[in-house]
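What follows is a set of notes on a single structure, which appears directly below.
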Amino acid sequence: MKRIFIGITACIILTSCGNHTKTTDKTEAMSNDDSLFDNFKQQFVDDLWKMYPSWASSQGYHKYDSLLVVPNEESRAKELAFCKSVELMLKIVDLSKLSDNNKTDYYMIENQLNTTEWAINSCKAYEWNPSVYNVCGEFAEMLNNNYDTLPMRLHNFYLKMQNIPAYYEAAKKNIKNPTKEHTQLAIDQNLGGVSVFEKDLEDALKKDNTKKEIADGIRARAKEAVAAIKGFADWLKNLKNETPRSFRLGKELYAKKFEYDIQSGYTADEIYKKALEHKEELHKQMFELTKQLWSKYLADKKMPENKLEAIKMMIDKLSLKHVAADSFQIAIEQQIPKLVEFIKQKDLIYIDPSKPLVVRKEPAYMAGVAGASISAPGPYDKNGNTYYNVGSLSGWDKDKAESYLREYNHYILQILNIHEAIPGHYTQLVYSNQSPSIIKAILGNGAMIEGWAVYTERMMLESGYGNNEPEMWLMYYKWNLRATCNTILDYGVHTKEMSKEDAMHLLIDEAFQQKAEAEGKWKRVSVTQVQLTSYFTGYTEIYDFREELKKKMGDKFNLKQFHEKFLSYGSAPVKYIKQLMLADSTYIK
Ligand code: ZN
Ligand code: ZN
């Protein structure tokens, strides 16, 4: 179930990795319990892939590439039965005898089972969220990624297409009183993905020089697929939906979803309160910097009495420095080597030069949620490309493009690259690909992943990136305010009936966002839940942990060592990484 949500929510595509064989390298003999548990984990993962072939493919496990599960009553019953059987297995494990590493794997498996059961029995997004039904992305991956020969990938593509009509028929049966917002998203994303079965497929057939009779067979099935996808979109457009569900999740479901998805040491309520306090603190810092910069940029203007207005004027002024619409992608490409160079020079973390990052235009099937994202190869896809997907501004009207470019101005664009690429998501994914735990690799914790990216922004500036210019810091605070307000917005909208008007006030007046950005965020919060809080929650936990360690270790604290050690655990919840690091006597001396 987790996979399904990731498709629509994630600012990054979760495909981290693990090499489970590494655990056998340990010099000390493994306890019998640990070696039994390792076998259990391997069995669990094998079964998981049988249960979720699409998820398996996304992780680079291609044994079941030809299968598409039809999402009906029967497949959900199978999922629940699977959860029950694994839970029985977990019950006989003596947790106290496991290594710390296996303990956290145990907790993460348990959490995954609870999440799945809750998603099927209580949350029921498969009824009210039509956008969980979309096959286009996984089919596109089969054409784009070179994990196998093209004829082999096309063959599996052909076999897998067979279930597409049944898949969408089952979707129609599942859907009950869907929200208007998810209905529209499903229509847009499915229609956006049709090109995979037309243009992309045609290109691949040409490249492969496929024999005409085989190619025609593939084409005929692709036609049926396109008809099913368009048919689903039409069905949604014409759906009589007199009592649509609200897109607001509601307090009870929200608290649970936060608990399962974030796995923080804090509750949703606590994080919300922390975010409110942090917002006030940021406003204070930003006003100090605004006063400092006033004579340099706005000497001819009187500074407004209202602090937020003064900050806004300064941000608006600084935001005018931005790239042209048609050089947006190039500017991003040119940034990457500069970031690598800075990190080397300051000795902040080791960057593996053998794993290239490819900047590309955001594929159509991803469009509509975030401006930039990372797609990385999974645990079994060692040779797959890591892509930096950049949303294109072509076709945007002039005002909309200008608004977007001011949002991603000279300063913010650099911070965005830190966050998405280096040393943010991309670097974290490279490390997680070497993680010794397959469980942490595939059940990656979103709050740790987003928290790391947000943490690196501040870490880079603290290390002198941007020469400590007040302009850079002011813009950074604005960006951090965004993560902070993501939490306030998400919690407010889903549990406190926050209106669109209040949301716009928060984002535009208090978080200083351009209108286009704020509108985009509103669209996102109306089709996702909880994910927007992962940034602030993870960031807060990581930053506080680092400060705690600094105090504890004194002179022995080394930033590079901290980063590499922290990432070496893979994408586990921060609370568990913290536990493991504090217990490691080779690290804490
Ligand atoms: Zn401009
Ligand atoms: Zn991110």
Side-chain angles (χ1 to χ4, degrees), residues 2 5-16 261-264 271 275 332 335-336 339 349 357 359-360 362 366-377 386-391 404 407-408 411-433 444-461 465 475-476 478-490 507 511 513 517 520-521 523-525 527-543 563 566-567 570-574:
K2 203 165 189 178
F5 295 112
I6 286 160
I8 55 157
T9 60
C11 142
I12 102 162
I13 309 292
L14 271 188
T15 48
S16 39
D261 287 3
I262 306 290
Q263 299 180 70
S264 162
I271 275 298
I332 286 175
Q335 263 284 301
I336 306 299
L339 290 170
I349 185 167
L357 178 64
V359 182
R360 72 174 178 187
E362 183 179 69
M366 284 183 178
V369 179
S373 65
I374 292 279
S375 306
T386 299
Y387 293 107
Y388 190 9
N389 312 303
V390 181
Y404 188 84
E407 185 76 28
Y408 292 98
Y411 307 98
I412 300 283
L413 195 56
Q414 296 178 60
I415 298 168
L416 176 75
N417 286 323
I418 291 172
H419 176 105
E420 295 292 341
I422 294 167
H425 289 316
Y426 163 69
T427 303
Q428 193 265 323
L429 281 162
V430 173
Y431 272 85
S432 103
N433 279 349
N445 177 259
M448 180 274 173
I449 293 169
E450 286 305 343
W452 170 261
V454 175
Y455 160 77
T456 61
E457 298 159 7
R458 179 159 173 185
M459 182 276 289
M460 288 287 275
L461 259 69
Y465 184 84
M475 282 307 200
Y476 161 73
K478 185 208 158 191
W479 179 262
N480 188 264
L481 197 52
R482 186 165 119 148
T484 310
C485 288
N486 277 347
T487 294
I488 298 169
L489 175 75
D490 198 70
L507 298 176
Q513 292 179 12
E517 183 73 9
K521 192 53 62 69
K523 191 179 169 191
R524 184 163 161 190
V525 78
V527 295
T528 70
Q529 320 85 28
V530 171
Q531 197 266 343
L532 279 169
T533 66
S534 58
Y535 306 81
F536 179 74
T537 308
Y539 154 75
T540 304
E541 287 187 300
I542 296 172
Y543 195 86
H563 292 150
F566 183 84
L567 291 186
S571 312
V574 178

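When reading the values below, keep in mind they use all heavy atoms of this one structure, side chains included, and skip hydrogens, waters and symmetry mates. In listed order, ligands and their atoms are each counted from 1.
The Zn ion (ligand 2) does not have Glu420 among its coordinating residues (no N/O/S atom, backbone or side chain, under 2.8 Å).
Put simply, the side chain of Thr533 gets close to the backbone of Val530: a donor and an acceptor are under 3.5 Å apart. A distance-only check finds no donor-acceptor pair linking the side chain of Asn445 to the backbone of Ser571 [under 3.5 Å].
The NE2 atom of His425 and the NE2 atom of His419 subtend an angle of 100° at the Zn ion (ligand 2), given to the nearest 10 degrees.
Between Tyr535 and Tyr539, the gap from one ring centroid to the other reaches at least 6.0 Å.
Its N, O or S atom nearest to the Zn ion (ligand 2) is what matters here, and for Glu450 that atom is OE1.
Tyr455 meets the ring pair (Phe, Tyr, Trp, His ring centres under 6.0 Å) test with Trp452, His563; sequence neighbours excluded.
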